Every structure is written in C-alpha cells, then in structure tokens.
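Data first, discussion second: the structure below is written as structure tokens.
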Amino acid sequence: MTGPVLTYLGETKLELGPAEGMEGHPWRRAEADGIVWLVLDCQGSAVNTISEPVIRGLQDHVAALEASPPRGVVIRSAKQGGLAAGADIGSFAGMSDQGAADLLRQGHEVLDRLEALPCPTIAVVHGAALGAGFEIALACDWRIAIEGASFAFPEVNLGLHPGLGGTFRLPALIDPVEAMTLMLTGKTAHTKQAKTLGIADLVTQERHVRAAIEAVLDDRVDRDGRGLKARALQFDQARSLAARKMRSETGKKADPRHYPAPYALIDLWERHGEDRAAMQQAEIDSFAALLDSDTSKNLRRVFFLRQGLKDNARGDDDIAHVHVIGAGAMGTEIAAWAAIRGKRVTLGDLEPDALAAAVRAAASLCKDKHLDGIETRDALDRMMPDPKGYGLARADLVIEAVPEDADLKERIYADAAARMKQGAILATNTSSLRLSELRAAVPQPERFAGLHFFNPVSKMQLVEVVRHDATSDAVIGRLTAFCGAIDRLPAPVTDYPGFLVNRALTPYLMEAMVLMEEGIDKAVIDRAAMDFGMPMGPVALADQVGLDICLDVAESLKSALDKPMPPISDRLRARVEAGETGKKAGRGFYDWSDGTPRPKTDEDGPDDLTDRLILPMLDACVECLRKNVAKNEDEVDGAMVFATGFAPFRGGPMHYARTRGPAEIRQRLDQLAERHDPRFAPDPGWADL
Ligand code: NAD
C-alpha cells in the first residue's frame with residue numbers, strides 16, 4: 001500500500017509509506033537517496049499536536065535509525081499549517097504530577113536519542129513550529145526554514161514553560177538572553193528573526209528544499225558558534241545579574257503570585273543554566289508542578305473557552321462587502337479591521353475630516369499589525385471612504401456606529417433600509433440602547449441585530465452578537481461566521497440591558513466611583529482590582545472606555561433594570577461636563593498625557609474593598625444566566641475574559657464563583673447588603689448554582 005504523495009514538498013515528491021504499526025500512527029516514513037524522511041501527519045486533524053502517540057511513534061523510528069543509520073534524517077510535517085501547534089493540551093487534563101513527569105521523561109529520552117543519532121538530522125520547517133513541535137526541531141542538528149516559517153514557545157500563556165528540553169536546548173543554541181526572552185514572552189520568531197537569532201540555519205523556498213538538504217549533508221553550510229555573551233553567561237554571577245533583570249522586566253507584566261511560570265523558568269536558568277543534566281531534571285519537575293497549579297489549569301480552561309467561542313463561528317461566511325456608517329472611534333476600527341482581514345469595506349460619515357482621519361488610522365493600524373507594504377496597500381485599497389453612502393446598495397452587511405442617540409439611529413435605519421440590497425443584514429454597534437425598541441424603525445427586523453464590538457476592535461477579540469425577539473437564526477449564523485472570518489470571537493447574547501458584558505462590567509466601574517466618593521483614593525481602588533488579577537483597575541478602565549460612554553451606559557442600565565445599581569457619582573458627571581472624558585481627552589480621573597497610569601500606593605483599602613468591586617460583577621453574570629442572556633457559564637467566562645480581560649488565571653468570573661463556592665459568595669453579598677446598601681443583595685440565580 002502506498003501513502004499519499006506530498007505534492008507541496010516541491011521537487012521532493014515523496015511517496016510516503018502508510019501509517020506504520022499501530023492504529024492512528026502519526027508518523028509517515030519515506031526513503032530516497034539514502035535520506036530517511038519522517039513526516040508528522042496526525043490523523044483526523046488539520047494540524048499536528050504532540051501527544052503520547054507522536055512520542056512513541058518517534059521512539060520506534062529512532063530505534064530503527066539507531067540500528068541502521070542512513071546518510072541523513074529529515075523531519076517535517078504533512079500539514080499545510082506547519083510542523084506542530086504544540087503539545088496536545090487536552091491530554092493534560094486529569095494527569096497526575098507523576099503521570100506527567102513519566103510522560104515527559106519518556107519524551108526527553110526520545111529527543112536525546114534523536115539528538116545523539118550518528119547521522120545528521122535536519123528539521124525542515126514550514127508554517128508554525130510551536131512548543132513541543134519547536135522542541136523536536138531543536139533536537140535535530142539542523143533547521144531549514146521555508147519562507148514564512150515561524151518558531152515560538154507559547155507555553156507561558158498556559159501557565160507553563162517548555163517541558164521537552166526547550167529550556168536548555170534553545171539557550172544552548174542561540175544567545176541565552178534572547179532564548180529566555182522568547183520563552184518568557186511567548187513571542188514568535190518569524191523567519192527572518194529566526195535566521196538572525198540562529199534558530200534557523202538556512203532559509204529557503206519550498207522548491208529548493210532538496211538542494212538545501214544536500215548542502216547540509218555535504219557540509220557546505222556554515223553557522224556561527226555561540227557568541228561572547230553566551231560564554232559570559234556560563235558564569236553564575238553573570239547569570240544571576242541577567243536573571244535579576246529578567247525578573248524585573250517580567251514583573252512589569254505578570255504578578256508572580258498569579259503567574260508563577262515565567263519566574264520558575266528564570267529560577268531554573270539561574271540555577272542550572274550551564275549544567276544540562278541538572279536543568280533537564282529540573283525542567284521536568286518544574287513543568288509537572290506547574291501543570292498541576294490552579295493558574296495553569298485555569299489558563300488552559302481559557303484556551304478551551306476561546307475554542308468554544310471560535311466554534312460559534314462555524315458556518316460559511318457569505319459577507320464580502322461591509323458598509324460602516326459612522327467613522328468615529330468604533331466605526332473606524334471596525335472598518336479598518338474588516339479591510340485588513342480581507343473584506344471590501346465602504347465607510348460613510350457626514351464629516352469629511354472623520355473619513356480622512358479614518359484612512360490615516362487604518363494605515364497606522366496596518367503598521368501596528370506588522371503588515372508589509374503590499375498587504376498594507378491591499379488593505380487600504382479595500383477600505384473606501386464613501387461620504388454619499390453608495391456602498392449601502394452593494395453591501396452584504398451594514399454596520400451602524402453613529403453616536404448613542406436612538407432618534408439619530410432610527411433615522412439612519414429608515415434611510416439605509418430603503419437603499420440596502422435584498423437579503424443584506426443591518427447591524428448596530430450600540431452599547432446600551434435596546435434593540436427591541438430600535439427595531440421599530442427597521443422594515444425587516446428579522447435581518448436586524450446587534451454586533452457589539454469592544455474598543456479597540458483590533459485588540460479586544462470578543463464581539464457580542466445580539467439577537468432581539470425577531471432576529472432570524474440564519475442572520476445570527478451569518479453574523480457569527482462573519483466574526484470568525486475577521487478573526488474575532490463571537491458570543492451570541494440576547495437583547496438585555498447592557499447585553500452581557502456591559503451589564504456585568506458597569507456595576508464594577510460605578511462601584512469604584514462610589515468608593516471614591518467615600519474618600520478612598522483611586523490608586524487604592526485600582527490596586528485592589530489589579531491585586532485580584534485585573535489587567536487594569538476600574539477607575540483607569542473607565543477612563544480608557546470614555547467617561548461619557550460609561551455615564552451613558554450606567555444611566556441606561558439604571559433605568560432599564562429592575563434591580564438597584566450603584567448611584568451615579570457626581571464626580572463622574574462633573575468630569576463629563578468638563579470635557580474630561582478620559583484617555584481620549586488626555587484627562588479623566590487620571591492624567592493620560594504620559595501614557596497609561598499605574599496606581600502607586602502601599603495603602604490597603606477597607607477589608608471588603610475587593611469584594612465590593614468584584615462580587616457585583618459576578619452577581620450580574622448570575623443574573624444574565626438566569627435570564628438566558630448567554631448560553632452557559634463557559635460562554636459567560638469566555639466573553640468576560642476576552643472583552644474585559646477578567647483575570648484569566650482565575651478562569652473567568654463564573655469559574656471563580658465556582659472555585660470560591662456559590663454559597664459563600666451569596667452569604668458575602670448578604671453581608672455587604674446589610675453593611676452598605678441593598679444593591680448588593682444576591683441575585684435569586686445563586687440558589688440554582
Ligand atoms: P463617535 O462619536 O466616536 O463616532 C460617531 C461618528 O458618527 C462620528 O464620526 C460622526 O461624525 C458620525 N455620524 C454622526 N451622525 C452621522 C450620520 N447621520 N451619518 C453618518 N455618520 C454620522 O462614537 P463611537 O464611540 O465610535 O460610538 C459609536 C457607537 O458605538 C455608539 O452606539 C456607541 O455606543 C458604540 N460603542 C462605543 C464604544 C466605545 O468604546 N467608544 C464601544 C462599543 C460600542
């Protein structure tokens with residue numbers, strides 16, 4: 001039986017042998033001109049992930065190669081996407097420390113044997129080599145990168161560090177400080193950087209792979225040895241100094257109490273940086289311990305929450321042309337992002353200046369997103385300023401993003417509906433108006449829905465896809481598929497005041513302002529939230545969102561909900577009246593002229609400060625579940641993490657509630673209600689958790 005021919009291998013055109021031995025064997029093998037090709041091809045999946053069968057399969061092949069070494073061994077992937085997307089994260093679930101350590105030891109043994117083969121071993125990498133995939137490539141003698149290849153250790157995002165030898169093989173290969181930076185940040189080394197750093201020995205195109213392999217085997221490729229810096233870092237003192245600097249840099253981004261993995265990695269390197277055997281043992285023990293930590297379990301949960309939201313986007317995207325009405329803060333970003341992601345976009349506004357500014361902002365977004373010259377030109381070509389709204393007649397989707405004024409929006413809908421083509425969808429980006437009221441102005445309400453993006457669209461991945469009582473399922477399906485196509489995460493929600501995210505976030509922001517009225521310093525409030533794990537405190541966040549927008553949303557929620565909300569603070573109104581609306585005005589509660597403010601204080605607030613901020617947010621999530629605003633707890637958690645940055649290491653607000661215990665939280669809310677105000681009274685939904 002012959003296996004498939006890997007046509008994309010260019011000249012190589014190998015006939016690959018069948019999956020060998022056991023059912024589901026992920027490696028395929030071919031031999032030509034004395035070279036053995038081991039091609040990773042995990043079955044039943046579009047991408048390779050490194051799992052126990054991959055390691056066991058490699059073990060079998062390595063044993064055969066030891067017995068009869070060929071002229072050379074090439075490792076590569078049969079998947080278009082790349083070598084591997086990292087370890088199979090799902091397989092970690094339920095694994096004990098001991099089980100993980102045993103599996104890791106087995107993996108280490110195989111990679112050590114691969115490394116020790118007497119013949120040259122070459123990893124040919126196209127696409128992404130992530131995590132354990134990168135580690136397999138590092139165990140080879142040589143790495144040939146095909147243009148577009150990239151290498152990264154994203155483990156830190158899952159509360160882990162590399163566990164299959166990456167912690168010692170990468171620092172042994174390239175400048176150890178650069179190696180540590182890659183592992184500590186999870187950042188990607190794209191082809192050019194990978195070559196500069198020394199990760200890739202050669203960069204070539206697919207059609208020249210065979211020639212590149214021959215050049216390596218004929219010893220015609222030079223590579224630089226480890227530099228001076230690497231030699232200096234062999235000394236403990238130099239490493240300690242560098243480790244101290246790494247700790248301080250890492251401390252700016254990750255609190256060691258919440259994110260222990262990067263600090264564990266720095267400790268490993270400081271202690272064992274030049275003793276490979278000790279480092280190997282320590283890496284296995286440290287990885288197994290981190291795997292069992294709550295942080296890593298919760299971050300892996302967040303990884304799956306993202307997958308769950310992505311799954312909402314399944315279905316065919318049939319939106320080719322988007323027309324955006326309103327080139328303000330949101331409309332500009334929505335239009336630019338959709339154009340970058342390949343959509344044809346027309347953008348309308350009454351103000352020519354707004355359209356000109358939108359084009360400039362789009363160009364700068366392309367730069368931020370590292371688009372090259374051609375990609376930038378193509379994205380900007382796809383985004384057309386359209387002051388007369390000609391695009392309305394051709395668009396498959398019209399997104400309205402004009403100021404939060406129901407009369408204005410309704411007038412726009414009447415005009416747009418008369419000009420839109422048959423079957424097109426009308427969506428609003430409103431944050432706080434009720435769709436059930438706005439829809440009265442729309443002739444075909446089944447094709448009207450909310451598409452609630454978060455600011456800035458290019459960074460905040462979530463989009464709430466809001467249905468009202470007449471929106472058709474087909475329209476929701478088309479909108480979620482559209483979100484997937486532009487690489488955003490859709491959370492379908494119902495038309496509830498504030499939908500899910502603003503309903504939950506607003507009491508948190510407003511409570512912060514009540515606390516300020518009570519005389520607590522804003523830095524103390526913000527620090528309490530950040531100590532809990534929020535990326536930014538509520539006062540700074542309100543400034544970032546825009547105090548005018550916060551006020552709008554708070555007023556609208558206050559009138560629409562049948563529950564008490566925190567009173568709207570006079571300070572908030574005063575700032576808005578003075579035009580001090582936050583980051584966009586350069587000043588709100590904080591001065592933003594020197595960038596993002598950092599709360600500096602050693603003072604602790606009252607003992608119930610954190611609960612006063614966080615528990616009302618949890619309570620609103622429980623209310624939304626009770627009212628079926630979101631499908632389930634996972635969707636609530638995913639939405640809150642990806643729209644607000646809710647402490648990812650806690651796994652989301654509902655997961656935090658589950659961990660702390662619903663009964664305890666309910667009791668605490670009762671206490672807060674008694675001590676402060678009935679607005680803290682627990683939602684009846686807690687009783688069902
Ligand atoms: P904005 O004031 O920055 O921009 C609105 C734009 O609409 C302006 O450029 C204005 O000239 C234009 N406009 C006004 N009337 C128009 C008309 N008749 N035809 C065409 N254009 C017109 O507002 P924004 O902050 O971008 O908010 C837009 C919408 O998005 C609002 O519904 C808001 O609630 C919602 N939203 C805002 C944020 C945020 O953080 N800013 C987040 C999520 C949702």
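In this text, all values refer to a predicted model and were calculated from it rather than measured experimentally. Atoms within each ligand, like the ligands themselves, are counted from 1 in listed order.
- Inclusion of Ile412 in the set of residues having an N or O under 3.5 Å from an N or O of ligand 1 is not warranted.
- Here the protein heavy atom with the shortest distance to atom 2 (O) of ligand 1 is Pro403 CG, 4.1 Å.
- Heavy atoms of Phe453 come nearer than 4.0 angstrom to ligand 1 in at least one pair.
- Counting heavy-atom neighbours within 6.0 Å of Lys187 NZ, excluding the residue itself, gives a total of 12 or less.
- Residue-level proximity to ligand 1 for Leu408 is carried by the side chain, the only part with a heavy atom below 4.0 angstrom.
- The shortest N or O to N or O distance between Glu400 and ligand 1 is not below 3.5 Å.
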Margin query: I'd like to know whether Asp543 forms a salt bridge (Lys or Arg N to Asp or Glu O under 4.0 Å) with Lys522, so could you lay out the CA-CA distance, the side-chain angles of the two residues, the decisive distance to 0.1 Å, and finally the verdict.
Written below: CA-CA 12 Å; Asp543 265 1; Lys522 59 181 182 291; over 6 Å; no
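- Annotation: His452 places no N or O atom under 3.5 Å from an N or O atom of ligand 1; distance criterion only.
- Counting heavy atoms under 4.0 Å from ligand 1, residue Met330 touches it through both backbone and side chain.
- Of all protein heavy atoms, the one lying nearest to atom 30 (O) of ligand 1 is Asn429 ND2, 3.0 Å.
- Every atom of ligand 1 is numbered from 1 in the order shown, and the set under 4.0 Å from a heavy atom of Glu351 is 11 (O).
- The atoms of ligand 1 that sit less than 4.0 Å from any heavy atom of Lys409 are 31 (C), 32 (O).
- What sits closest to atom 4 (O) of ligand 1 on the protein, heavy atoms only, is Gly328 CA, 3.1 Å.
- Of the listed options Asp349, Thr332, Val402, Asp349 places a heavy atom closest to atom 12 (C) of ligand 1.
- Judged purely by atom type and a 3.5 angstrom limit, Asp495 uses its side chain to pair as donor or acceptor with the backbone of Leu435.
- The shortest N or O to N or O distance between Ile325 and ligand 1 is not under 3.5 Å.
- Between the side chain of Trp686 and the main chain of Val622, no donor-acceptor pair closer than 3.5 Å is present.
- In terms of heavy-atom proximity, His468 sits nearest to Ser436 at CB-N, 4.3 Å.
- The number of heavy atoms from other shown groups lying within 6.0 Å of OH (Tyr390) does not exceed 12.
- Considering every non-hydrogen atom in both Leu397 and Ala427, the closest pair reads CD1-CB, 4.1 Å.
- Judged purely by atom type and a 3.5 angstrom limit, Thr471 uses its side chain to pair as donor or acceptor with the backbone of Phe448.
- Closest approach of Lys421 and Arg394 over heavy atoms only: NZ-O, 3.4 Å.
- Here the protein heavy atom with the shortest distance to atom 41 (N) of ligand 1 is Ile549 CD1, 3.0 Å.
- Atom 19 (N) of ligand 1 has as its closest protein heavy atom Leu350 CG, 3.7 Å.
- Contact detail for Asp683 and Asp619: the closest heavy-atom pair is N-OD1, 2.8 Å.
- A centroid separation of 6.0 Å or more is found between the aromatic rings of Tyr656 and Phe646.
- The shortest N or O to N or O distance between Ser431 and ligand 1 is under 3.5 Å.
- Note that atom 23 (O) of ligand 1 has no protein non-hydrogen atoms nearby, at separations under 4.0 angstrom.
- Residue contacts with ligand 1 for Arg411 are absent, since no atom lies close enough (heavy atoms, distance under 4.0 Å).
- Among all protein heavy atoms, the one lying closest to atom 3 (O) of ligand 1 is Ala329 N, 3.0 Å.
- In this structure, the side chain of Thr581 does not engage the main chain of Leu547 through any donor-acceptor pair within 3.5 Å.
- Using a non-hydrogen distance threshold of 4.0 Å, Ala401 registers as a contact of ligand 1.
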